[in-house]
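A quick write-up on the structure given underneath.
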Number of protein chains: 2
Amino acid sequence: MQGHSIGLLSKRTGVKVTTIRYYEGRGLLPDPGRTGGGQRRYGDAELDRLSFIAHARQLGFDLDAIAELIALQETPHAAHGDAHRIAKDRIIEIRDRIARLRRLEAELVRVVKSCDGQSDGQPCRVLNALADHQACESEH
Amino acid sequence: MQGHSIGLLSKRTGVKVTTIRYYEGRGLLPDPGRTGGGQRRYGDAELDRLSFIAHARQLGFDLDAIAELIALQETPHAAHGDAHRIAKDRIIEIRDRIARLRRLEAELVRVVKSCDGQSDGQPCRVLNALADHQACESEH
DNA sequence: CTTGAAGCTATAGTGGCTGTAGGTTGTATC
DNA sequence: GATACAACCTACAGCCACTATAGCTTCAAG
Ligand SMILES: [Zn+2]
Ligand SMILES: [Zn+2]
Ligand SMILES: [Zn+2]
Ligand SMILES: [Zn+2]
């Protein structure tokens, strides 16, 4: 039978077979054609769409955002506003997370430094430092 | 009845009541005493331990790591090695995530810049840029 | 025509909670 | 002592984005 099998799509895109079926259940991929025996067969359009989904996932978009982006692709006229907003929101989110992680990193470096680890038999001050938010230099 | 109610622990630590019960189920908190009617009553030791858990969570440790840290606190002799390792592993993890997020940020900035958004009626190039990993400047 | 890889559905599990339903208990006020 | 009501209880379902398992069927090569 003609068309791409689910395994071929998986190999081409790096998305696991089970995940492709999951995307179908979530409505990100259309119900594909089936062979007489019930196996899925895809065309190139589905392959392209799955590649898009895979790449957007790698860039950290969640499935709802991806669904929105796909809907925008389908609209005959361009809707720059929405697409730009979704991408910019994602940038803001990433920057927030980076800022937060940097604060955490600084606190943890401080925590590790708090104990020299030399005094065997003495309690580890790392554990005290972990318990004590008072000693933290930033909110987190 | 004497002792702190679960609601009081919640207020003191900022951990939701349902979450405290969840921690108990996960074995992070001991089975507390109960009133005649079956409500939980805690002592100061449990309050301290919950504060420790809450703070370690804020610093991004997962519950398994926290369980390990608590076990270390209970050991009579200090085990610096394990505590330091857990904290250092966490730092490494955070640094990896920051590096990854920075790569994503750079790609997304490039994606957003790829379309000036002026050409209404023309398809949004953000969508093309999102589809195209070839154009990406780094792995992600 | 046989074999075995690849496909199918359905269901449960992951982490770290959150939310809901439907009932019981503790405490303050009268 | 009665009443009201917040706080508590258990048990279970749901969240996200998958992943894993079990038990079965189909496809394609030799
Ligand atoms: Zn130490
Ligand atoms: Zn802190
Ligand atoms: Zn645009
Ligand atoms: Zn890319």
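By convention in this document, chain letters (A, B, ...) are assigned in the order of the sequence lines, proteins followed by strands, and residues within each chain are numbered from 1.
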(request) Report the nucleotide, chosen from D:dT10, C:dC8, C:dG16, that has the shortest atom-to-atom distance to any side-chain atom of B:Arg57. (result) C:dG16
(request) Name every residue in residues 60-69 of chain A that has at least one heavy atom under 4.0 Å from any atom of DNA chain D, in order of residue number, or write none if there are no such residues. (result) A:Asp62, A:Leu63
(message) Looking at C:dG15, I'd like to know if its phosphate oxygens (OP1 or OP2) sit under 4.0 Å from a side-chain N or O belonging to B:Tyr22.
(response) no
(request) Mind calculating the distance between CG (B:Leu9) and C1' (D:dC8) to the nearest angstrom? (result) 14 Å
(request) Find which nucleotide of DNA chain C each of A:Gly37 and B:Gly37 is nearest to by heavy atoms, and output the residue with the more 5' nucleotide. (result) A:Gly37
(request) Identify which nucleotide among D:dT19, C:dT9, C:dT18 has an atom closest to any side-chain atom of B:Lys16, counting heavy atoms from C-beta outward. (result) C:dT18
(message) Between A:Tyr23 and D:dC18, is there a contact of a side-chain N or O with OP1 or OP2 at under 4.0 Å?
(response) yes
(request) Take the protein atom CG of A:Leu50 and the nucleotide atom C1' of D:dA17, then report the distance between them rounded to whole Å. (result) 15 Å
(request) Give a yes/no on whether any side-chain N or O of A:Arg40 is located under 4.0 angstrom from OP1 or OP2 of C:dC8. (result) yes
(request) Inspect the surroundings of CD in B:Gln134 and state if more than 12 heavy atoms from other residues, nucleotides or ligands are less than 6.0 Å away. (result) no
(request) Indicate yes or no for a side-chain donor-acceptor contact from A:Arg103 to the backbone of A:Glu139 under 3.5 Å, with no hydrogens or angles considered. (result) yes
(message) Determine whether A:Arg40 and A:Ser5 satisfy the following criterion, side-chain contact (heavy atoms from CB on, under 4.5 Å), listing intermediate values before the conclusion.
(response) CA-CA 6 Å; A:Arg40 290 167 178 80; A:Ser5 70; over 6 Å; no
(request) May I ask you to verify if any side-chain N or O of A:Ser5 is less than 4.0 angstrom from the OP1 or OP2 atom of C:dG7? (result) yes
(request) Respond yes when some side-chain nitrogen or oxygen of A:Thr18 is under 4.0 Å from OP1 or OP2 of D:dA20, and no when none is. (result) no
(request) Using atom types as modelled and distance alone, determine if a side-chain donor or acceptor of A:Arg90 lies under 3.5 Å from a backbone N or O of A:Gly60. (result) yes
(message) Output the rounded distance in Å from CD (B:Glu93) to C1' (C:dG15).
(response) 13 Å
(request) Report the distance from atom CZ of B:Arg41 to atom P of D:dC8, rounded to the nearest whole Å. (result) 8 Å
(request) Round to the nearest Å and state the distance from B:His4 atom NE2 to D:dC8 atom P. (result) 14 Å
(request) Using atom CD1 of A:Ile6 as one end and atom P of D:dT26 as the other, report the distance to the nearest whole Å. (result) 17 Å
(message) Side chain of B:Thr35 only, heavy atoms from C-beta on: which candidate in C:dG26, C:dT18, D:dT26 is closest?
(response) C:dG26
(message) Once ring-ring contact (aromatic ring centres under 6.0 Å, His included) is applied, what residue pairs with a partner in residues 4-35 of chain B remain, sequence neighbours excluded?
(response) none
(message) How many whole angstroms separate atom CG of A:Leu59 from atom C1' of D:dA17?
(response) 17 Å
(request) Identify which nucleotide among D:dT10, C:dG26, C:dG7 has an atom closest to any side-chain atom of B:Gln39, counting heavy atoms from C-beta outward. (result) C:dG26
(message) Given C:dG16, D:dA28, D:dC8, identify the nucleotide with an atom nearest to the side chain of B:Arg26.
(response) C:dG16
(request) Send over the distance from B:Glu24 CD to D:dA11 P, rounded to a whole Å. (result) 12 Å
Donor-acceptor pairs are to be reported for all side-chain atoms of residues 10-19 of chain B against protein atoms at under 3.5 Å, with residues two or more places apart or in another chain.
from    : atom 1 : to      : atom 2 : distance (Å)
B:Ser10 : OG     : B:Val15 : O      : 2.7
B:Thr13 : OG1    : B:Leu9  : O      : 2.7
B:Thr13 : OG1    : B:Val15 : N      : 3.2

(request) Please check if the side chain of B:Glu107 supplies one atom and the backbone of B:Leu104 the other of a donor-acceptor pair under 3.5 Å. (result) no
(request) Please determine, for the side chain of B:Arg21, which listed nucleotide (C:dG7, D:dC18, D:dT10) has the closest atom? (result) D:dT10
(message) Looking only at the side chain of A:Val17 (C-beta and beyond, no hydrogens), which of the listed nucleotides C:dT27, C:dT9, C:dG7 gets closest?
(response) C:dG7
(message) Under a 3.5 Å distance rule, please check whether B:Glu105 uses its side chain to pair with a backbone N or O of A:Ile91 as donor and acceptor.
(response) no
